[in-house]
K.L.:
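Attaching a single structure in structure tokens format; questions to follow.
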Amino acid sequence: MNFYATKDPIKYEGPSSTNALAYRWYNPTQKVMGKTMAEHLRFAVCYWHTLCWPGTDPFGGETFNRQWHHAADPMEAARMKADVMFETLRLLGVDYFTFHDLDIAPEGNSLKEFNSNVTAIANIFESKMAKSGRKLLWGTANMFSNRRFMAGAATNPDADVFAYCAAQVKHCLDVTHGLGGENYVMWGGREGYETLLNTNIGQELKQAGRFLSLVVEYKHKIGFKGPILIEPKPKEPTKHQYDYDTASIYGLLKSYGLENDVKLNLEQNHAILAGHTFEHEIALASALGIFGSLDINRGDYLLGWDTDQFAMNIPEVALTMYEILKAGGFTTGGMNFDAKIRRQSIDPDDLLHAHVGSMDASARGLLIAAKMIEDGKISKAVDARYAKWNEPQNMAMLAGKESLDEIATRVHKSGLEPQPKSGRQEYLEGILNSYI
Ligand code: XLS
Ligand code: NI
Ligand code: NI
């Protein structure tokens with residue numbers, strides 16, 4: 001199927017290239033701090049924004065007019081999309097892809113029919129993956145589009161919906177496992193509520209915990225090695241969401257006893273909707289031991305919704321990459337382009353420009369972050385701020401070896417008087433800019 005005007009794989013041509021469809025910074029085999037760029041960045045193309053969204057917005061219909069949205073047979077459309085996904089990966093030189101079950105195959109008239117459609121397309125993936133060496137970063141179940149999920153999926157007041165979701169996730173996890181998927185994602189788009197007048201929060205949280213435990217138990221049962229990843233988002237479509245941000249999910253995982261089995265898939269636009277920076281969410285998840293993977297994109301700071309734009313802002317991406325490197329890099333995770341082109345970008349090749357631009361921004365961000373780490377000025381300043389915690393007395397205090405009254409006695413005896421020191425923020429911002 002002829003979709004893109006571009007026919008040859010996009011290549012690295014270096015910073016001086018004037019070819020708009022070339023990589024200037026992303027050089028997959030270039031080594032940075034001991035690993036290749038491809039190993040660091042682990043890019044993935046997502047199905048939903050790239051192939052499924054037709055360019056609609058709440059005020060207007062489709063703008064893209066993709067062939068598959070007008071195919072008479074929905075399975076024929078599904079096969080077309082699979083072809084275009086693998087063509088996209090080939091042209092971009094990206095190793096991974098991601099999908100919702102509903103992105104890849106039509107629902108049909110029953111769950112049974114849906115499952116068999118999903119399996120049929122997964123079989124196509126299997127042979128395309130074997131031929132091309134492409135891989136699945138993660139799969140996920142869409143439990144928010146169909147009207148049966150309007151009041152939630154696992155947290156639906158109706159127990160029938162909970163059971164239906166269990167059956168849907170079981171199949172999607174089986175398919176993800178069968179394709180060698182490296183993670184399994186759960187984004188709870190409607191796991192929340194609109195009004196307390198019709199909602200029992202305590203009951204819904206119990207359901208969320210049980211559902212997550214069921215998925216974790218099943219993952220172990222079938223020997224799925226990758227982590228289950230929860231993707232936090234504070235709102236949209238549901239007004240109040242239980243999976244608000246890193247901190248709230250950590251609290252829920254602790255209360256369910258699942259903090260060792262479940263990690264997070266963090267997204268830039270979701271972080272800023274929650275009133276955080278992306279790097280805050282990554283640093284916090286890493287400090288709590290639940291960092292997993294990233295949905296890389298960019299929100300609009302002037303708009304209050306999930307615009308899911310391609311990440312192009314180099315200083316911002318550099319701070320993201322700095323946190324990733326500090327966290328030790330990805331293990332099973334990667335950088336999934338949960339990003340969509342604007343609805344006026346109607347040429348197929350706009351999809352290539354978007355990915356290339358964002359991959360280049362990520363590569364530059366990685367190079368800047370590596371400089372930040374290798375130069376060490378920033379981490380030295382941070383270490384200096386905390387230096388007193390390395391003194392034996394203070395280590396003992398932190399380790400719980402002194403009680404409150406013992407500490408008080410010591411303070412009075414020594415006449416301790418804390419001496420404020422500069423936080424040096426502007427100095428550090430200047431250092432950061434010197435790397436960019
Ligand atoms: C929506 C989410 C979604 C997840 C996968 O806002 O980002 O796309 O990544 O269900
Ligand atoms: Ni996402
Ligand atoms: Ni999003």
Side-chain angles (χ1 to χ4, degrees), residues 42-54 56-58 96-104 118 136-146 149 152-155 165 168-169 172-173 175-176 181-192 211-212 215 226-246 249 262-278 281-282 285 291-301 303-311 320 333-343 354 358:
R42 296 169 57 83
F43 290 123
V45 173
C46 88
Y47 235 88
W48 53 104
H49 290 316
T50 298
L51 301 172
C52 304
W53 176 58
T56 48
D57 74 5
Y96 289 95
F97 70 115
T98 55
F99 63 76
H100 298 84
D101 47 6
L102 187 59
D103 300 335
I104 65 169
V118 168
L136 178 62
L137 187 64
W138 46 263
T140 187
N142 177 325
M143 302 194 301
F144 44 86
S145 292
N146 191 290
F149 305 120
T155 63
C165 289
Q168 189 177 336
V169 167
C172 193
L173 185 50
V175 166
T176 301
E182 298 187 21
N183 310 266
Y184 184 82
V185 165
M186 298 174 80
W187 168 58
R190 297 192 193 274
E191 308 295 30
F211 196 85
L212 200 51
V215 176
I228 301 296
L229 302 176
I230 300 213
E231 182 175 326
K233 184 174 183 182
K235 57 189 170 194
E236 196 203 14
T238 307
K239 180 175 174 182
H240 299 277
Q241 285 191 204
Y242 302 131
D243 48 0
Y244 193 96
D245 59 0
T246 296
I249 294 186
V262 179
K263 293 188 160 50
L264 298 186
N265 181 43
L266 298 167
E267 178 170 324
Q268 196 271 3
N269 207 157
H270 299 182
I272 67 167
L273 288 177
H276 304 305
T277 60
F278 199 18
E281 287 289 85
I282 298 168
F291 172 66
S293 197
L294 296 184
D295 271 6
I296 179 150
N297 62 18
R298 165 176 54 128
D300 186 318
Y301 296 105
L303 300 175
W305 62 90
D306 202 12
T307 60
D308 287 337
Q309 287 158 261
F310 278 84
T320 303
M335 307 214 334
N336 173 48
F337 288 106
D338 190 348
K340 57 180 192 255
I341 49 180
R342 300 302 88 190
R343 74 191 285 267
S358 200

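In this text, all values refer to a predicted model and were calculated from it rather than measured experimentally. We count ligands from 1, going down the list as the structure has it; atoms in each ligand are counted the same way.
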K.L.:
Donor-acceptor check, side chain of Glu191 to backbone of Ala153, threshold 3.5 angstrom: yes or no?
P.N.:
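The answer is yes, because a donor-acceptor pair under 3.5 Å joins these two groups.
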
K.L.:
Checking one value in my table: which N/O/S atom of Asp306 lies closest to the Ni ion (ligand 3)?
P.N.:
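Nearest N/O/S atom of Asp306: OD2.
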
K.L.:
Do any N or O atoms from the side chain of Thr176 and from the backbone of Tyr184 form a donor-acceptor pair under 3.5 angstrom?
P.N.:
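Side chain of Thr176 to backbone of Tyr184, a donor-acceptor pair under 3.5 Å: no, none is there.
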
K.L.:
Do any N or O atoms from the side chain of Asn297 and from the backbone of Gln309 form a donor-acceptor pair under 3.5 angstrom?
P.N.:
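Checking the backbone N and O of Gln309 against the side chain of Asn297, no donor-acceptor pair under 3.5 Å is found.
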
K.L.:
Regarding Gln268 and Asp295, is there a side-chain donor-to-acceptor distance under 3.5 Å anywhere?
P.N.:
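No, because no side-chain N or O of Gln268 sits under 3.5 Å from a partner of the opposite role on Asp295.
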
K.L.:
Testing Asp338, Asp308, Thr98 for side-chain hydrogen bond (donor to acceptor under 3.5 Å, both in side chains) with Trp48, which one passes?
P.N.:
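Of all the options given, the one that passes is Asp338.
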
K.L.:
Restricting to ring-ring contact (aromatic ring centres under 6.0 Å, His included), what partner residues turn up for Trp53, sequence neighbours left out?
P.N.:
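Here the qualifying residues are Phe64.
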
K.L.:
Once you restrict both partners to nitrogen or oxygen, which atoms of ligand 1 have a protein partner under 3.5 Å, and how far apart are they?
P.N.:
residue: ligand 1; atom: 6 (O); partner: Lys233; partner atom: NZ; Å: 2.8
residue: ligand 1; atom: 6 (O); partner: His270; partner atom: NE2; Å: 3.1
residue: ligand 1; atom: 6 (O); partner: Asp306; partner atom: OD2; Å: 3.0
residue: ligand 1; atom: 7 (O); partner: Glu231; partner atom: OE2; Å: 2.7
residue: ligand 1; atom: 7 (O); partner: Glu267; partner atom: OE1; Å: 2.7
residue: ligand 1; atom: 7 (O); partner: His270; partner atom: NE2; Å: 3.3
residue: ligand 1; atom: 7 (O); partner: Asp338; partner atom: OD2; Å: 2.8
residue: ligand 1; atom: 8 (O); partner: Trp48; partner atom: NE1; Å: 3.1
residue: ligand 1; atom: 8 (O); partner: Asp338; partner atom: OD2; Å: 3.0
residue: ligand 1; atom: 9 (O); partner: Glu231; partner atom: OE1; Å: 2.7
residue: ligand 1; atom: 9 (O); partner: Glu231; partner atom: OE2; Å: 2.9
residue: ligand 1; atom: 9 (O); partner: Asp295; partner atom: OD2; Å: 2.8
residue: ligand 1; atom: 9 (O); partner: Asp338; partner atom: OD2; Å: 2.9
residue: ligand 1; atom: 10 (O); partner: His100; partner atom: NE2; Å: 2.6

K.L.:
Under a plain distance cut-off of 3.5 Å, with no hydrogens placed, do Asp243 and Gln241 share a side-chain donor-acceptor pair?
P.N.:
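There is such a pair (donor and acceptor under 3.5 Å, judged by atom type) between the side chains of Gln241 and Asp243.
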
K.L.:
Got a sec, which residues hit salt bridge (charged side-chain N to carboxylate O under 4.0 Å, His left out) with Arg343, two or more places apart in sequence or on another chain?
P.N.:
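Partners of Arg343 by the salt bridge (charged side-chain N to carboxylate O under 4.0 Å, His left out) criterion, ordered by chain and then number, come out as Asp57.
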
K.L.:
Just by distance, do the side chain of Asp101 and the backbone of Asn142 share a donor-acceptor pair under 3.5 Å?
P.N.:
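Checking the backbone N and O of Asn142 against the side chain of Asp101, a donor-acceptor pair under 3.5 Å is found.
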
K.L.:
Among protein atoms, how many N/O/S atoms lie less than 2.8 Å from the Ni ion (ligand 2)?
P.N.:
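Counting protein N, O and S atoms closer than 2.8 Å to the Ni ion (ligand 2) gives 4.
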
K.L.:
Which value, rounded to the nearest 0.5 Å, describes the distance between His276 atom NE2 and Thr246 atom OG1?
P.N.:
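OG1 of Thr246 is found 7.0 Å from NE2 of His276.
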
